[in-house]
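Throughout, a chain's letter reflects where its sequence line sits, starting with A, and its residues are numbered from 1.
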Protein chains: 2
Amino acid sequence: MTASQEIALAPVTAPAPASVTVLGYALLCALHKGPLTGYELVRRMRQPIGYYWTARQSQIYPELARLAELGLITSSGESGPGPHQRMTHDLTAAGRAAVASWLIRPPTPRPPRDELVLKTYAVGAADSSAMRALYLAEAQRHEQRLEDYRAQRTRLVARGADDQCHPDFGAFATLRLGLGVEELYAQWCRWLADQLAAGG
Amino acid sequence: MTASQEIALAPVTAPAPASVTVLGYALLCALHKGPLTGYELVRRMRQPIGYYWTARQSQIYPELARLAELGLITSSGESGPGPHQRMTHDLTAAGRAAVASWLIRPPTPRPPRDELVLKTYAVGAADSSAMRALYLAEAQRHEQRLEDYRAQRTRLVARGADDQCHPDFGAFATLRLGLGVEELYAQWCRWLADQLAAGG
DNA sequence: CTAATCATGTAAGGCGTTACATGATTTT
DNA sequence: AAAATCATGTAACGCCTTACATGATTAG
């Protein structure tokens, strides 16, 4: 592969690639069950989608414009409250196809970042009783989340979302993992607190 | 709070805050058991610290210079192979104190980003058998990691790192969580694959 | 009548990634 | 003889966050 060949393969007139980012796909995923307004999408990206992929307004609105430019969504505006129009966004056929083909691609691995585990690596360099308090507080945080998740599961199961054919089965499946993760973290924090109590 | 008051509270002559980032603390944590060269730190930030907090060379070397400027590490150079000096970095007393006080502060929560779980939320919009293949492949990835972790645990336990007093207890504790997480994800992926098989 | 919510956008700056650069030593 | 490793650094760019801006409607 020489330089001249590369130039020949990439015409100068070509516009920016503008491939869809994960955030873009997250928005498309949020729209897969029907149209939503921008503001509704902002709320969805805090909850429930925000549990595994968050975004703020300042990212969402420009991204919606990009998705519309790419022809993956249609955005129609109606006058609403305030100085802005209330825009409703809907998947196009191309958008629906883009999501479907992205979903079955293996996820690109992300660099892990967990501050609590990092601190644990150097646990020996800190005061044991202070660290113990930290892990107990974290355990409580996870146990509170666990309660929240259990309530959500009850509601989903009542609607029949634990059946693979139900439109909310995806939400049920993500919740199932969330329950496991929170329980695991809570138990691990309590185990560490016990260890620090025994040795300190 | 008026504008004039704010100006009075923030003197013009103050230098940039230059507070230590999490990456900075990660490097300080890596040094808590003894001095290391820059290149050794680069490797540590791929493994084992890289399992929960990664960084590349291009981030690490400038950050080391900043930590030295702040007086948290001392960096002494000796001539080594290649055009560069082999720099050895060591914690100062101030650095040791900085780690100790950071460790016992509650970790700042990070926005969650998990592409696989995001895909799961919209699982109904994709072809079931293709998604099933995806989850089976992910399950295998996690099971391979699980084997790797089990081997590491065996080595650590042989050294006695499962005792809270051992200097490698921190590494053992992080590994314990890693084992739980990988097992949980693997089982969840297999469960989802089963669900998709039953309904598809 | 005040505050929160609805509703959409812009700007500045930080963190992190890929890619580039250099060159000696050790391994294959 | 070629490739990988040792060893440190710079530059460009993208994603994401915080903060700013505007103003109508609804709830307390």
Side-chain angles (χ1 to χ4, degrees), chain A residues 3 6 16-27 36-47 49-50 53-68 73 75-89 108-113 115 118, chain B residues 1 3 6 10 16-27 36-47 49-50 52-69 73 75-89 108-113 115 118:
Chain A
E6 280 177 45
S19 64
V20 182
T21 63
V22 180
L23 170 60
Y25 285 116
L27 294 171
L36 293 171
T37 70
Y39 194 74
E40 281 171 327
L41 280 167
V42 168
R43 278 183 301 179
R44 292 280 199 299
M45 294 307 290
R46 271 205 305 262
Q47 204 201 42
I49 298 182
W53 201 278
T54 34
R56 308 296 172 91
Q57 305 185 171
S58 55
Q59 256 193 299
I60 292 169
Y61 289 112
E63 185 64 33
L64 285 170
R66 221 169 300 138
L67 293 173
I73 60 173
S75 307
S76 59
E78 294 157 27
S79 65
H84 296 286
Q85 277 202 316
R86 176 198 181 88
M87 302 282 280
T88 299
H89 309 276
T108 64
R110 291 185 76 78
R113 292 178 204 269
E115 206 177 307
L118 174 59
Chain B
M1 243 200 266
E6 282 178 44
S19 65
V20 182
T21 63
V22 180
L23 170 60
Y25 285 116
L27 294 172
L36 292 172
T37 70
Y39 194 74
E40 280 170 328
L41 280 166
V42 168
R43 277 183 302 180
R44 291 280 198 299
M45 294 307 290
R46 272 204 306 264
Q47 203 200 44
I49 297 182
Y52 27 89
W53 202 279
T54 34
R56 309 293 172 93
Q57 305 186 169
S58 56
Q59 256 194 300
I60 292 169
Y61 289 112
E63 186 63 33
L64 286 171
R66 221 169 299 140
L67 293 174
E69 263 182 53
I73 59 173
S75 307
S76 60
E78 295 157 26
S79 67
H84 296 286
Q85 277 202 318
R86 177 197 180 87
M87 302 283 281
T88 299
H89 309 275
T108 63
R110 292 184 75 78
R113 294 183 201 265
E115 206 177 305
L118 173 59

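Judged purely by distance below 3.5 Å, without hydrogens or angles, the side chains of A/Glu115 and B/Thr108 pair a donor atom with an acceptor atom.
We find that CZ of A/Arg110 is positioned 6 Å from P of D/dC16, with the value rounded to whole Å. The CG-P distance, from A/Leu36 to C/dC6, rounds to 14 Å in whole Å. In this structure, CZ of B/Arg66 is placed 12 Å from C1' of C/dG16, rounded to the nearest angstrom. Rounded to an integer number of Å, the gap from A/Arg44 CZ to C/dC6 P is 13 Å. Protein atom CZ of A/Arg46 is 17 Å distant from nucleotide atom P of D/dC16, rounded to whole Å. Put simply, CE on B/Met45 is 12 Å from C1' on C/dG16, counting in whole angstrom units. As a whole-Å value, the separation of A/Ile60 CD1 from D/dT18 P is 13 Å. Counting to the nearest Å, the P atom of C/dG14 and the CD atom of B/Glu63 are 13 Å from each other.
Which of D/dT10, C/dT8, D/dC15 sits closest to the side chain of A/Gln59 comes down to D/dC15. Distances from the side chain of A/Ser58 to the nucleotides C/dT17, D/dG9, C/dT10 place C/dT10 closest. Set against C/dT17, C/dT10, D/dC16, the side chain of A/Pro62 has C/dT10 as its closest nucleotide. For A/Thr21, the side-chain atoms get nearest to D/dC15 when compared with the rest of D/dG23, D/dT8, D/dC15.
Between A/Leu118 and B/Ile49 the shortest heavy-atom distance is CD1-CG2, 4.1 Å. Across all their heavy atoms, B/Ala26 and B/Met45 have their closest contact at CB-CE, 3.9 Å.
Remark: A/Tyr39 is in phosphate contact with C/dC6, judged by side-chain N or O atoms under 4.0 Å from OP1 or OP2. Distances shorter than 4.0 Å separate some side-chain N or O of A/Arg43 from OP1 or OP2 on C/dC6. A close approach under 4.0 Å does occur between a side-chain nitrogen or oxygen of A/Arg56 and OP1 or OP2 of D/dT18. Under 4.0 angstrom from either OP1 or OP2 of D/dC16 there lies at least one side-chain N or O belonging to B/Arg113.
Residue A/Gln57 is in base contact, counting any heavy-atom pair closer than 4.0 Å across all strands shown.
Residue order along DNA chain D, read from the 5' end via each residue's closest nucleotide, puts B/Tyr61 first among A/Pro83 and B/Tyr61. Map B/His84 and A/His84 each onto its nearest nucleotide of DNA chain D; the residue landing nearer the 5' end is B/His84.
Between atom OH of residue A/Tyr61 and atom CG of residue A/Leu27 there is a gap of 11.0 Å, rounded to the nearest 0.5 Å.
In summary, A/Glu63 and A/Arg66 engage in a salt bridge, as defined by a charged side-chain N under 4.0 Å from a carboxylate O.
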